[in-house]
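Shown next, in structure tokens, is the structure this report addresses.
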Amino acid sequence: MKISTWNVNSVRARLDNIILYIKKNSPDIILLQEIKTQEENFPYKTFESLGYISYVNGQKSYNGVAILSKKKLSETNAILPGDKIKQARFFSTKIKIDNKKVELINIYVPNGNPVDTEKYFYKINWLNLLLKYLENKIKNGNLIIITGDFNIIPEDIDVHAPEKYLNDALFRIEIRKKFREMINLGLVDLFRSFNKKEDQYTFWDYTQGSWQKNNGLRIDHMLISNLLINKVRKVEIIKNIRGQVKPSDHVPLECEFN
DNA sequence: ATGGCAGAACATTTCTGA
């Protein structure tokens with residue numbers, strides 16, 4: 001089974017790119033972030049014609065997450081307990097891997113810049129709520145796959161110029177500790193466990209020729225329960241997507257399970 | 001320090017993103 005995560009920066013503006021990607025890579029499940037639309041304007045029918053059922057947690061203009069799946073999904077939930085701001089950044093469901101029940105979670109973590117503003121504190125608070133949610137699930141014996149746009153650069157190796165990001169909401173120690181806390185719950189940074197190389201990015205800014213200079217960031221992740229790691233066949237960043245006409249600033253991250 | 005680009009909507013300008 002192939003699972004893919006992709007911040008598309010507007011599902012409607014990116015429809016042609018997404019269709020092309022689906023036809024070529026045919027993931028079983030795609031987790032989308034930043035769909036930037038309400039459910040009423042989501043292109044359900046386009047994806048249905050490609051063989052996918054869409055599950056959408058939408059919002060006007062900003063944020064929004066969705067899961068496209070070839071098979072019907074069960075136990076879907078669009079609410080992160082305790083989040084009072086209620087931006088559309090969370091969607092969870094249950095799937096089966098190797099006949100084991102697994103909670104699959106799609107997240108779009110707040111960016112948090114500029115630091116030490118209301119936006120930054122919202123990010124910290126959102127991550128704390130997510131940690132509480134994960135801790136509870138894991139304590140109760142649930143297997144987890146959590147994927148999406150974490151807006152966190154885990155290590156120096158994951159950013160083209162670490163010294164420039166020390167006081168950025170994506171790289172501040174305080175934020176990176178939240179990522180580490182997730183790992184410490186018993187999760188694995190799947191991409192990094194399979195690939196130790198530098199310059200492995202999932203995002204390149206639209207400005208300053210970032211793509212051409214390979215000035216990227218690795219901020220889209222898949223964390224999975226330790227117990228699932230031996231079910232993983234392959235994990236891959238689909239980098240060439242960023243070179244398309246009218247691309248998203250993020251590219252898909254794929255994982256194949258046995 | 002600013003602005004580089006892109007998308008959506010309050011739309012020929014403003015906001016948000018990372």
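Letters A, B, ... mirror the listed sequences (proteins, then strands); counts begin at 1. Remember, predicted model here, so these are calculated numbers, not experimental data.
The P atoms of dA1(B) and dT14(B) are separated by 24 Å, rounded to the nearest whole Å. Between dA11(B) and dA6(B), the distance separating the two C1' atoms is 15 Å to the nearest Å. Comparing dC15(B) with dC10(B), their P atoms are spaced 14 Å from each other, to the whole Å. Distance noted for atom C1' between dG7(B) and dT12(B): 16 Å (whole Å). Taking atom P in both dA18(B) and dT13(B), the straight-line distance is 26 Å, to the nearest Å. Annotation: dA9(B) and dG3(B) have their P atoms spaced 26 Å apart (nearest Å).
Here the P atom of nucleotide dC15(B) and the CD atom of Gln87(A) are 16 Å apart, to the nearest Å. Regarding Tyr108(A), its OH atom lies at a distance of 8 Å from the C1' atom of dT16(B), rounded to whole Å. Distance CD1 (Ile219(A)) to C1' (dG17(B)): 10 Å, rounded to an integer number of Å. One atom, CG of Leu217(A), and another, C1' of dG17(B), lie 12 Å apart when rounded to the nearest Å. Between the C1' atom of dT16(B) and the CG atom of Asn63(A) lies a distance of 9 Å, rounded to the nearest Å. Atom pair Gln33(A):CD and dA18(B):P shows a separation of 10 Å (rounding to whole Å applied). Distance CG (Asp168(A)) to P (dA18(B)): 11 Å, rounded to an integer number of Å.
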Query raised in the report: Base, backbone or nothing for each nucleotide of nucleotides 1-10 of chain B, written B, S, -, heavy atoms under 4.0 angstrom, 5' to 3'?
Result: --BBBSSSSS
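In terms of modelled atom types and a separation under 3.5 Å, the side chain of Asp220(A) and the main chain of Trp6(A) share no donor-acceptor contact. Using a distance-only test at 3.5 Å, with no hydrogens or angles considered, a donor-acceptor pair links the side chain of Arg89(A) to the main chain of Tyr108(A). No donor-acceptor pair closer than 3.5 Å links the side chain of Thr93(A) to the backbone N or O of Leu104(A).
The phosphate of dG17(B) has neither OP1 nor OP2 within less than 4.0 Å of any side-chain N or O from Asn7(A). Between Asn151(A) and dA18(B) there is a side-chain polar atom (N or O) within less than 4.0 angstrom of OP1 or OP2. Within the structure, every side-chain polar atom (N or O) of His250(A) is placed at least 4.0 Å from both OP1 and OP2 of dG17(B).
Figure legend: Arg242(A) and Tyr201(A) shown without cation-pi pairing, the cationic atom not lying both under 6.0 angstrom from the six-membered ring centre and within 45 degrees of its axis.
Tyr165(A) comes within contact range of no nucleotide atom at all, as no heavy-atom separation falls under 4.0 Å. The residue Lys119(A) sits close only to the backbone: its heavy atoms come under 4.0 Å of sugar-phosphate atoms, none of a base.
Within the structure, every pair that satisfies the ring pair (Phe, Tyr, Trp, His ring centres under 6.0 Å) test and touches residues 205-242 of chain A, not counting sequence neighbours, is listed here: Phe150(A)-His221(A), Phe179(A)-His221(A), Trp204(A)-Trp211(A).
The aromatic rings of His160(A) and Tyr165(A) stand perpendicular to each other, their planes meeting at an angle above 60°, with 30° marking the opposite boundary.
Within 6.0 Å of the CD atom in Gln212(A), the count of heavy atoms belonging to other residues, nucleotides or ligands exceeds 12.
Nearest heavy atoms, Tyr120(A) versus Glu174(A): OH-OE1, 2.7 Å.
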